[in-house]
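Below is one structure, written out as structure tokens; comments come after it.
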2 protein chains.
Amino acid sequence: MKHDVSPDTIPPRGHEAKRASIMDAAGEVFCRESFAGANIDMIAAEAGVSRQTIYNHHGDKEKLFVAIVRDLTERCNAGIFATISTFPDQPKNLEADLIAFAVRMNRNCICNRDGKFLRKLIQTEGERYPELFAEWREQGPGRTWPAIAARFARLAHAGFLDIEDPDVAARQFLALANAELQTTFMLGGTPTNDEVLQSATHGVRTFLRAFGKGQPAADAQKHSALAGG
Amino acid sequence: MKHDVSPDTIPPRGHEAKRASIMDAAGEVFCRESFAGANIDMIAAEAGVSRQTIYNHHGDKEKLFVAIVRDLTERCNAGIFATISTFPDQPKNLEADLIAFAVRMNRNCICNRDGKFLRKLIQTEGERYPELFAEWREQGPGRTWPAIAARFARLAHAGFLDIEDPDVAARQFLALANAELQTTFMLGGTPTNDEVLQSATHGVRTFLRAFGKGQPAADAQKHSALAGG
DNA sequence: AGAAATTTAGACACTCTTGTCTAATTCGTC
DNA sequence: GACGAATTAGACAAGAGTGTCTAAATTTCT
């Protein structure tokens, strides 16, 4: 625990713990109560800190809110890119691998705490903070969707899929994987593992009926072996 | 989209006109500001009515909110069922007819004022009024989805489609038709006609790649002609 | 026109929330 | 143990919003 602590710049450890606790609690409360419905006392109580500490850390309610959204966007993006990196570029069993990928995407990025909170905050307050959520749009969907599309393009190029427009296919893949979870999402619920698996399975099957090829494996794997570097 | 809610300058005349104006304005404001963020004065001003009149009509803020949600649910359901009744049971051009149906669904039920407001209110306040939104769930998706599924089942039975589980297919149809509108919906925007058409076209094409049959038309239309009353 | 009902503006008490301030206390470090 | 920074509880003023009340004005019905 001994880094060279210059007392002005680097705050002590308890400080950071409290900061994190505030972020956690604020996300929870803003998400549950909406910005207007949330109050600082509630957040303070849930974070286990005094109200004044929140003002010390973040200045005011609005700055706190902005910090939360930025934080969530960042963490969600990290999760999405981490998950994208597990995309099955050289699938052994295309259906099974895509289903597993879809499940990972859902569990790690969409159904988890951060994903749920960010989604709710965007839906609830998006219109009130245009520039903040424009930023999310650029950093989030604007970057992740093309990344997924690129993976599908590669899979198509390797002969596993028959796709004309990878961007469209990527969006449809996600839409299909979530098709059966929409109502639950709407009401703020968290689908069970079973529901996620079901939806992903049905979604991927339909996706492959639309974009799959008969027997791509043998030929295609040569291609992808060359292409992948 | 003719809601003649002229603001403060021209107050609506008559008891019923005022009631309607209040409902309109309250939907607008609750949707824009969330329940906690909305205030009665704002609604009164937007409705062109005095604050007291709102209290006379609805008792308190919460009762007003509940009335709004009930009203929106009812109107949306009516719209959805009306649109479902235009489902192409005996399509001339399956792709074109399904695209047109998807566009109607979007424009009349999902992108229109009521659809947008109801969606937003459910997302924003769903967790706070479990019984109210459980009611929506039963009356809304609980009734409309099976109705759409039944139409797809009929279409499959008539030989136009190759569907195992009509319920799954129906949900996937809707998910595909909206696949490219998700981000816009998230931020509370209204997609342009062009975007709706694009998304529907791509969605239906993929849907038909998955569930379509080669050349069902000739044979199938006999079937459906016999089956149809 | 007259009576009944509705609507209106404004004032009002009450509650809740924000953000500040202060003085006491705790925490981490030396 | 001592020092300084961070945290705490509590009080506080200022502002906003709810829901009630009243008396006057307006509309609607007869």
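First the proteins, then the strands, lettered A, B, ... as listed; each starts at 1.
Here dG15(D) presents its P atom at 17 Å from CG of Asp60(A), a figure rounded to the nearest Å. Nucleotide dT7(C) holds its C1' atom 15 Å from the NE2 atom of His58(B), rounded to whole Å. When rounded to the nearest whole Å, the span between CZ of Arg19(B) and C1' of dT6(C) equals 13 Å. Rounded to an integer number of Å, the gap from CZ of Arg51(A) to P of dG19(C) is 11 Å. Rounded to a whole Å, the CD1 atom of Ile40(A) is 17 Å from the P atom of dC16(C). Nucleotide dG19(C) holds its C1' atom 13 Å from the CG atom of Leu64(A), rounded to whole Å. Residue Phe35(A) contributes atom CZ, which lies 12 Å from atom C1' of dT17(C) at whole-angstrom precision. In this structure, Asn56(B) atom CG and dT27(D) atom P are separated by 17 Å, rounded to whole Å.
Among the atoms of the strands shown, only primed sugar atoms or phosphate atoms (P, OP1, OP2) are found under 4.0 Å from some heavy atom of His57(A). Contacts of Ala38(B) with the nucleic acid, taken as non-hydrogen atoms under 4.0 Å apart, involve only primed sugar atoms and P, OP1 or OP2. Among the protein residues, Ala44(B) comes within range of no part of the nucleic acid, since none of its heavy atoms lies under 4.0 Å from any strand. Within the nucleic acid shown, Gly48(A) comes within 4.0 Å of sugar-phosphate atoms alone, with no base atom in reach, counting heavy atoms only.
Both the sub-6.0 Å distance and the 45° axial angle are satisfied by Arg119(B) relative to the ring of Phe185(B).
The side chain of Thr53(B) places no N or O atom within less than 4.0 Å of a non-bridging phosphate oxygen (OP1 or OP2) of dT7(C). At dT8(D), one or more side-chain N or O atoms of Lys18(A) fall inside 4.0 Å of OP1 or OP2 (strictly under the cut-off).
For Lys61(B), the side-chain atoms get nearest to dT18(D) when compared with the rest of dT18(D), dA9(D), dT18(C). When each of dG19(D), dT8(C), dT20(C) is scored by its nearest atom to the side-chain atoms of Tyr55(B), the top-ranked nucleotide is dG19(D). For Asn39(B), taking side-chain heavy atoms from C-beta onward, the closest of the listed nucleotides dT7(C), dT18(D), dA9(D) is dT18(D).
Projected onto DNA chain C by closest heavy-atom contact, Gln52(A) and Asp41(A) fall at different nucleotides, the more 5' of which corresponds to Asp41(A).
Electrostatic pairing of Asp165(A) and Arg205(B) does not count as a salt bridge here, judged by no charged N lying under 4.0 Å from a carboxylate O. In this structure, Asp167(B) does not pair ionically with Arg171(B), as no charged nitrogen and carboxylate oxygen lie closer than 4.0 Å. Salt bridge status for Glu127(B) with Lys120(A): present, with a side-chain N to carboxylate O gap under 4.0 Å.
Few gaps surround CD on Glu195(A); more than 12 heavy atoms of other groups in view lie less than 6.0 Å from it.
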